[in-house]
There are 2 protein chains.
Amino acid sequence: MSKLGFTQPLFTVDNVMFAIDQGQLTVLLVKRGIEPYLAAWSLPGGFIDVQVDQDVQACARRKLEQKTGLTPAYLEQLQVFSGAQRDPRGYSVSLAFFALVPYTPVSSQISSATQASWWPLEQLDSLPLAFDHREIIQQAHQRLQQKALYSLLPVFCLPSTFTVGQLKTVIETILGREIQRKSLMRRIEASGMFILTEHKQASGGRQAQLYQLKPGVDITHFSRNMGNA
Amino acid sequence: MSKLGFTQPLFTVDNVMFAIDQGQLTVLLVKRGIEPYLAAWSLPGGFIDVQVDQDVQACARRKLEQKTGLTPAYLEQLQVFSGAQRDPRGYSVSLAFFALVPYTPVSSQISSATQASWWPLEQLDSLPLAFDHREIIQQAHQRLQQKALYSLLPVFCLPSTFTVGQLKTVIETILGREIQRKSLMRRIEASGMFILTEHKQASGGRQAQLYQLKPGVDITHFSRNMGNA
DNA sequence: CTTATATAGTGTCACTTGGACACTATATGC
DNA sequence: GCATATAGTGTCCAAGTGACACTATATAAG
């Protein structure tokens, strides 16, 4: 049995927070202000503060708040990325989180020197990213796409009241292809997750019903995947 | 930005390894030889050795090998359990793994003083367990049941060649209810994951076709759940 | 006011895949 | 041979999604 006093790895937390902006799936990144990877873009995260953070989830929320000023609408563990090589400072273990939020501009509301910004996934190829963050983002993206097939998780990319059309667009952006409005409406009703409100107009056309998440409901997992996948 | 030198949490790895023995879903536990929770049963795991373990996955395998003499047929990350209270030695972050293996007796092959043993899930209620390991086991059990609904992952609880009847029994044990043999056969064929061999007899009856996992195949994820769930 | 058009929502049928269950196939033991 | 036990197939039904036509209601142009 191991005793205390062993060399421990560096434990950190990273957040992959997604939002939809102008029909594009975007991820929140911060520009690093210190070595290593100085001035490279990276996932908002950092070391846990055992005095402050009740658990790793709380740590993830705090890091997001501090580095970007945003609070995730949805947050779950993704997976651990680890190894001796991934961080030049030493053996590193990083727990990546996967988060969703309605799009909110972020450029000016951060007090610290670090710069935060939303980046469309499509533009990441040409962006210098720190550590193995490119791979982490890719894993998170896959998870998001998977969940969009068997749940309505993408609602967390929308404001508290939204229309079916908006949700359809968000899901299509995440999946990268079109889905049937009819199928989506069937799921919205079958899930029982939502309540109705008044009306609202969209760009020229019939007014759309506004939906709202019932407080405290769990996300329904459907027994079949959507989108013939 | 955090600097090095911060107090780091204790990072550990735990394994929830399942097998089927005599029609019962069992989990592999070891009796603790040190404080805290001396003499309580616990998940095989421990501290990472940054000199030896290439990553957390390798650490999990090493711990299983050292403490139980077994090598998992399947191993994946479950999730992190963390907090200031879960370990009296200090703020603790534990990455739990979820593992499957064909049942193998384990009592005598361990060299160390720690004692390892398979425990049926049904008997855990009356067993004193260390830390929050009861909750971790429960989470792993849920994950296993979920995966059994949309994949043939339970094959990793069987020897390298097996019959449809055996797989059916394993899945039924995991789910705690019966499934249709016909449905299972449809999935086995549709997955393309298996190849055939000769024959084999079961207790009085027609000989059953023996199947074998194709080397290097990925586990198929079906687009619908099985077992009307 | 009428009409074109754009978006919201419904009706309906086909297709896919699991559930149910009867039926056939092949082994063992009496 | 016959009973029985397990293996495997044939077939119909049920549930949920895809496709797509059709209806409903808003705005804008003439």
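Proteins come first, then strands; the chains are lettered A, B, ... in the order of their sequence lines, and each starts at number 1. The basis for the numbers below is simple: all heavy atoms, side chains too, and nothing from hydrogens, waters or symmetry mates.
- Here R187(B) lies in heavy-atom contact (under 4.0 Å) with sugar-phosphate atoms only.
- In terms of position along DNA chain C, the nucleotide closest to M185(A) lies nearer the 5' end than the nucleotide closest to the other residue of the pair F222(B) and M185(A).
- For Y150(B) and dT16(C), the OH to C1' distance is 21 Å, given to the nearest whole Å.
- Using a distance-only test at 3.5 Å, with no hydrogens or angles considered, a donor-acceptor pair links the side chain of K214(A) to the main chain of G192(A).
- Looking at R186(B), its side chain comes within 3.5 Å of the base of dG19(C) through a donor and an acceptor atom.
- Taking atom CD1 on I179(A) and atom P on dA8(C), their separation rounds to 13 Å, with Å as the unit.
- Rounding to whole angstrom units, CD of residue E178(A) and P of dC20(D) are separated by 12 Å.
- Minimum atom distance to the side chain of Q207(A) is reached by dA26(D), of the listed dA26(D), dA15(D), dG8(D).
- The distance between atom CZ of R181(B) and atom P of dA22(C), rounded to the nearest whole Å, is 14 Å.
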Can I get a per-line list of side-chain donor-acceptor pairs under 3.5 Å for residues 75-82 of chain B, giving both atom names and the distance, sequence neighbours left out?
unit_1	atom_1	unit_2	atom_2	d
E76(B)	OE1	Y74(B)	OH	2.4
E76(B)	OE1	K147(B)	NZ	2.8
E76(B)	OE2	R143(B)	NE	2.9
E76(B)	OE2	R143(B)	NH2	3.4
E76(B)	OE2	K147(B)	NZ	3.4
Q77(B)	OE1	V80(A)	N	2.7
Q77(B)	NE2	V80(A)	O	3.0
S82(B)	OG	V56(A)	N	3.0

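- Of the charged side-chain nitrogens involved, at least one lies within less than 4.0 Å of a carboxylate oxygen, so that K168(A) and E172(A) count as a salt-bridged pair.
- Atom C1' of nucleotide dA15(D) and atom CE of M226(B) are separated by 16 Å, given to the nearest angstrom.
- The CD atom of Q207(A) lies 11.5 Å from the OG1 atom of T163(A); values are rounded to the nearest 0.5 Å.
- For K182(A) against dG11(C), a side-chain-to-base donor-acceptor contact under 3.5 Å is present.
- Distance H221(A) NE2 to dG16(D) P: 17 Å, rounded to the nearest Å.
- Looking at heavy-atom distances under 4.0 Å, Q180(A) makes contact with a base.
- With hydrogens and angles left out, the side chain of R206(B) and the base of dA7(D) share a donor-acceptor pair within 3.5 Å.
- Remark: the R224(A) side chain and the dT17(C) base include no donor-acceptor N/O pair separated by less than 3.5 Å.
- For the pair L184(B) CG and dT9(D) P, the interatomic distance rounds to 12 Å; values are reported in whole Å.
- What separates NZ of K168(A) from C1' of dG18(D) is a distance of 13 Å, to the nearest Å.
- For R187(A) and F222(A), the positive end sits near the middle of the six-membered ring, less than 6.0 Å away and at most 45° from its axis.
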